[in-house]
J.: 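The following block contains the structure, expressed as structure tokens.
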Amino acid sequence: MVSSPDTANAKAKGDIETTINYKAKDSIRYDAVSQIMHLYGDAHIDYGEIALDAGYIQINWKTNLINAEGILDSAGVLQNKPLFKNGAENYQAERMAYNYKTKKGRVIGAVTTQGEGYIHAETIKRDSLGSIYGRHARYTTCDLEHPHFYIKASKMKVIPNDRVVAGPFHLVFADVPTPIGLPFGFFPSPRKRGSGVIIPTFGESNQQGFYLRDGGFYWAMNEYMDMRITGDIFSLGGYGARVQSTYTKRYKFSGNFSVSHTYNKGSENIGVGRTTDAVYNYNTDSRDIWISWSHQPITRPGKGQFSASVNAGSQFYNQRNSTTAQNALSPAFNSTVSYRKSSPNSPINYGVTISQSQTTRTQRNEAGELVPVQQMSFTLPDFSFGVASQSPIEWFGGTMTGRWIEGIRIGYSLNARQYVTNNISSGNSLGFPFTTARVRDTVIAINGSNLAQIFRNARTSINHDIPITLGTVSLFKHFKVTPGVSYSESWFTKKYTYRTKPGTNLLEADTSKGLQRTYQYQGSLSFSTNLYGIAQIKGKKIEAIRHTITPNVSYSWRPDFGREEYGFYQRVQRDSLGNTQLLSRFQGLEGNVPGPGLTSALSFSISNNVEMKVKTDSAGVYKKVSLIDAFNLSGSYNMAADSFKLSNINVNMSTKLFNNVGVTVSGSFDPYQYINGVRRNIYLAQGGGFRLARLMNLNFNTGFEFNQQARKQQAASGAAPPTNLPALQRTVTAADYVEFNIPWTLSVDLTSNFTRDNLTDKLVNNATSAGINGSVTLTDKWAVNYTTSYDLKNKILSYTNIGIVRDLHCWQMSIDWVPFGVLQRYSININAKSALLQDLRIRRSSSATGRPY
């Protein structure tokens with residue numbers, strides 16, 4: 001028998017695979033007859049990847065068994081419980097036994113970790129393959145010894161780093177058993193994605209009755225792609241189905257795709273008394289579909305890039321099925337699929353784009369009633385080809401040495417596109433002057449019988465641009481002179497010839513098909529410089545103020561392309577008095593048609609910037625503080641125009657008051673007089689007085705952040721919302737997540753715009769609104785965030801959203817509430833934080849239209 005009163009270290013070898021290292025803080029006693037080793041006090045064993053710590057450990061060299069247990073302290077509390085580690089697996093228990101030869105073990109009163117999950121069991125057995133079997137087990141993601149919730153099962157099997165399979169089980173929340181139970185459970189390990197059943201949520205709504213939603217199957221197809229197939233069942237006869245998938249290829253691309261279909265059974269009682277909007281009154285059956293696809297390539301030099309952003313579907317899908325206000329309120333959605341390629345060793349680049357847009361608007365039907373329609377347009381396709389600007393010296397192999405002549409550069413770009421829409425023009429948009437018949441643009445349905453009419457309405461064009469830069473020349477060291485020349489050309493497949501319909505006051509258009517050509521060219525010359533003014537203050541804090549003025553004067557010339565010899569315009573009779581007007585022979589078509597009229601214009605602009613040099617400390621360190629970020633004026637004078645030679649004067653200013661309040665102001669001033677609301681070719685200054693121009697429109701915007709440091713901390717943290725909801729097509733509401741370590745944030749903004757009423761000569765307020773948004777952390781577990789805006793002109797609240805978040809340790813509760821408007825709704829969610837149990841949630845929702853969110 002051998003003993004040691006202090007820490008002992010020893011090594012022993014026998015019928016085992018590797019060396020067992022053991023030690024104990026109190027003593028080590030060896031029974032040579034029984035071949036049993038006893039380790040007392042903070043005992044420890046290392047055996048390959050296996051490590052065991054306990055108050056007492058016994059090693060039996062005959063039976064190859066290791067037994068471990070804790071020891072009782074003076075108060076009778078079990079201390080130094082056995083802690084068993086096998087690679088990434090951890091077990092803690094009251095007692096345990098392990099056969100190091102067969103690699104089988106048994107654990108009594110155990111707690112073990114499997115990825116993000118914890119397993120508590122009365123008894124755990126481990127086989128030679130590493131699988132674990134638990135009896136009367138509890139599975140949870142709560143890391144407390146007494147967890148807040150768990151899944152209780154009579155039998156449980158764990159395949160490490162793979163999955164957890166449970167027999168009949170039910171959910172226990174706060175020690176209260178719930179009726180949520182299933183005959184079996186399957187929980188894939190987060191270390192390796194696994195397929196499994198998605199448990200549906202249940203509830204009730206006016207539109208669908210009782211429902212089961214988002215139930216289905218998750219299929220981990222491989223390490224690059226997965227699929228989520230879910231469905232809804234409504235007691236009133238409706239249903240829903242969704243297929244969602246994400247995919248990724250490292251260093252190449254990533255994306256996601258989804259297709260959704262819903263059928264809502266209509267009822268005369270639904271929506272009554274809530275809203276008169278036909279979109280939200282479900283008195284007829286509705287079938288809606290929506291397709292989303294996002295594909296993002298990884299940029300690689302010299303490689304083509306294919307990208308896609310698709311959002312398209314039925315007219316009212318988002319209004320009737322969306323869970324976000326952004327989608328529900330948006331009248332328009334756009335889709336784009338494109339391929340582009342450029343080479344770092346070549347000036348040539350090209351690309352092909354197919355795009356689609358859909359907009360919901362209203363039009364009158366045959367009965368004169370306003371009905372919602374869906375206007376759709378397509379670009380099939382949009383092809384671009386370009387050659388980067390180069391110096392002619394490079395074309396002939398010359399060497400670039402920085403001479404001014406090398407600033408002459410020539411490039412080329414081509415754009416060909418075909419535009420198709422189901423909005424059939426009546427002719428009013430072409431500018432026909434004599435149309436008095438009751439005709440209007442009409443949106444027709446996209447189907448097989450209408451395709452011929454839709455494609456007859458297509459507009460095709462090819463645009464060529466040759467940008468020519470002539471470089472910049474320094475004049476007298478302080479002035480910069482920049483000449484410029486441009487040329488562009490457009491090709492069309494048709495043009496119009498106008499004539500008056502005999503016996504009527506209507507204008508008809510004859511179409512000439514074939515290749516039609518327009519072109520335009522112009523030249524310009526600009527002068528610019530910088531002027532500086534410095535005021536030395538020499539105060540305690542302020543050192544100096546600097547004013548920078550950047551004036552620019554340019555001259556441009558372009559011929560009158562409205563003349564008859566060019567053939568781009570046709571003069572037609574305007575009224576019975578014989579007055580005429582010019583109409584473009586390519587009116588309403590795609591492409592660049594040059595405007596009529598000779599241009600010989602002088603343009604001017606003045607940019608101002610004011611900065612202050614401020615001392616920051618006694619060591620003489622200074623910093624620049626901007627007093628006026630920008631104060632700009634611009635306008636032009638067309639010497640070739642027969643009237644209204646001087647343009648409006650545009651003014652804009654931006655600054656930041658007290659280094660915290662951003663202010664932006666812009667406006668336009670008209671130098672001409674208005675008589676009885678009609679603009680006259682008489683300068684306002686000619687009327688006497690000191691009025692040189694009058695303000696025609698004014699836009700004002702300001703915003704103030706009350707706690708900038710908190711916002712910067714929030715932005716710098718880069719914290720993403722927790723994975724407490726499925727990653728596929730996840731919707732993040734205002735209440736989903738908040739930074740609990742930020743006490744509060746608050747920002748206020750005010751926006752207003754005015755326009756001049758020419759008859760009353762008064763500025764009229766078109767819109768003025770004020771908005772606030774921010775968050776408040778009430779405690780380390782409670783937080784509130786909010787956003788709202790108020791229409792000061794109409795004196796009504798606009799869209800308002802309030803979110804409340806409660807941290808429940810291993811769970812999170814969120815309340816999302818829209819208290820006003822047609823989209824009034826609320827949603828209450830309680831979700832397990834762990835991604836392992838992301839579908840374990842309790843949800844209750846309702847909306848003003850009866851549609852659950």
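Quick caveat, the model's predicted, so the values are computed rather than measured.
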J.: Quick check: does any side chain N or O of Thr599 sit under 3.5 Å from a backbone N or O of Ala601, one acting as donor and the other as acceptor?
T.: no
J.: Using the side chain to side chain contact (heavy atoms under 4.5 Å, CB included) criterion, which residues pair with Leu515? Sequence neighbours excluded.
T.: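 So Leu515 forms a side chain to side chain contact (heavy atoms under 4.5 Å, CB included) with Trp491.
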J.: Taking the side chain from Asn794 and the backbone from Ile796, do they hold a donor-acceptor pair closer than 3.5 Å?
T.: no
J.: Of all heavy-atom pairs between Arg459 and Tyr419, which one has the smallest distance, and what is that distance?
T.: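 In terms of heavy atoms, the two residues are closest at NH2-CE2, 2.6 Å.
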J.: Is the backbone N or O of Asp226 less than 3.5 Å from a side-chain atom of Ser245, with the two atoms forming a donor-acceptor pair by type?
T.: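 Confirmed, Ser245 side chain pairs with Asp226 backbone.
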J.: About how many Å separate OH of Tyr519 and OG of Ser488, when rounded to the nearest 0.5 Å?
T.: 11.5 Å
J.: Measure from the side-chain N and O atoms of Lys793 to the backbone N and O of Asn766, and report whether any donor-acceptor pair falls under 3.5 Å.
T.: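 Side chain of Lys793 to backbone of Asn766: a pair is present.
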J.: Do any N or O atoms from the side chain of Asn422 and from the backbone of Met376 form a donor-acceptor pair under 3.5 angstrom?
T.: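 A pair under 3.5 Å: yes.
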J.: Using only heavy-atom distances, determine whether the side chains of Ser338 and Ser307 contain a donor-acceptor pair under 3.5 Å.
T.: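 Note: Ser338 and Ser307 side chains meet the donor-acceptor criterion.
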J.: Show the nearest heavy-atom pair for residues Gly597 and Arg558, with the distance to one decimal.
T.: O-NH2, 3.3 Å
J.: Is there a donor-acceptor pair under 3.5 Å between the side chain of Ser309 and the backbone N or O of Thr336?
T.: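 Pair absent, no side-chain N/O of Ser309 close to backbone of Thr336.
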J.: Between Ser335 and Asn311 (side chain of the first, backbone of the second, donor and acceptor by atom type, cut-off under 3.5 Å), is there such a pair?
T.: yes
J.: Check whether any side-chain N or O of Gln418 sits under 3.5 Å from a backbone N or O of Leu380 as a donor-acceptor pair, and report yes or no.
T.: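 At least one qualifying donor-acceptor pair exists.
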J.: Step by step, work out the side-chain contact (heavy atoms from CB on, under 4.5 Å) result for Thr518 and Arg585.
T.: CA-CA 10 Å; Thr518 68; Arg585 303 185 69 179; over 6 Å; no
J.: Among Asn415, Leu414, Thr353, exactly one meets side-chain contact (heavy atoms from CB on, under 4.5 Å) together with Phe383. Which residue is that?
T.: Leu414
J.: Partners of Arg242 by salt bridge (charged side-chain N to carboxylate O under 4.0 Å, His left out), sequence neighbours excluded?
T.: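 With sequence neighbours excluded, Arg242 shows a salt bridge (charged side-chain N to carboxylate O under 4.0 Å, His left out) to Asp214, Asp232, given in chain and number order.
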J.: Around Arg250, counting heavy atoms of other residues, nucleotides and ligands shown, do more than 12 lie under 6.0 Å from its CZ?
T.: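 Counting other residues, nucleotides and ligands, CZ of Arg250 stays at 12 neighbours or fewer.
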J.: Looking at Lys303, I'd like to know if its NZ atom is crowded, meaning that more than 12 non-hydrogen atoms belonging to other residues, nucleotides or ligands lie closer than 6.0 Å.
T.: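 No, not enclosed.
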J.: Will you find, in the side chains of Tyr412 and His464, an N or O donor that is under 3.5 Å from an N or O acceptor?
T.: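 Looking only at side-chain atoms, His464 and Tyr412 do form a donor-acceptor pair, the distance falling under 3.5 Å.
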J.: Does the Ser647 side chain pair with the main chain of Ser636, one donor and one acceptor, at a distance under 3.5 Å?
T.: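 Yes, the answer is positive, given that a donor and an acceptor are paired below the 3.5 Å cut-off.
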J.: Restricting to ring-ring contact (aromatic ring centres under 6.0 Å, His included), what partner residues turn up for Tyr566, sequence neighbours left out?
T.: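 For Tyr566 the ring-ring contact (aromatic ring centres under 6.0 Å, His included) partners, ignoring immediate neighbours, are Phe561, Phe568.
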J.: Angle between ring planes, Tyr496 versus Tyr498, binned at 30° and 60°: parallel, tilted or perpendicular?
T.: tilted
J.: Kindly determine whether Tyr247 and Tyr224 satisfy side-chain contact (heavy atoms from CB on, under 4.5 Å), including the steps that lead there.
T.: CA-CA 5 Å; Tyr247 57 88; Tyr224 306 110; 5.9 Å; no
J.: Name all residues meeting the ring-ring contact (aromatic ring centres under 6.0 Å, His included) criterion together with Tyr569; count only those two or more places apart in sequence or in a different chain, and write none if there are none.
T.: none
J.: Check for me whether Arg287 meets the cation-pi criterion with Tyr263, that is, NZ or CZ under 6.0 Å from the six-membered ring centre and within 45 degrees of the ring axis.
T.: yes
J.: Just say parallel, tilted or perpendicular for the rings of Phe257 and Trp293, cut-offs at 30° and 60°.
T.: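 Geometry flag for Trp293 against Phe257: perpendicular rings.
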J.: Would you be so kind as to tabulate the donor-acceptor pairs closer than 3.5 Å made by side chains of residues 448-455, with sequence neighbours excluded?
T.:
unit_1: Ser449; atom_1: OG; unit_2: Asn447; atom_2: OD1; d: 2.8
unit_1: Asn450; atom_1: ND2; unit_2: Ala445; atom_2: O; d: 2.8
unit_1: Asn450; atom_1: ND2; unit_2: Asn447; atom_2: OD1; d: 3.2

J.: Go through the structure and list residues passing side chain to side chain contact (heavy atoms under 4.5 Å, CB included) with Leu598, not counting sequence neighbours.
T.: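 Leu598 satisfies side chain to side chain contact (heavy atoms under 4.5 Å, CB included) with Trp557, Asp560, Ala640 only.
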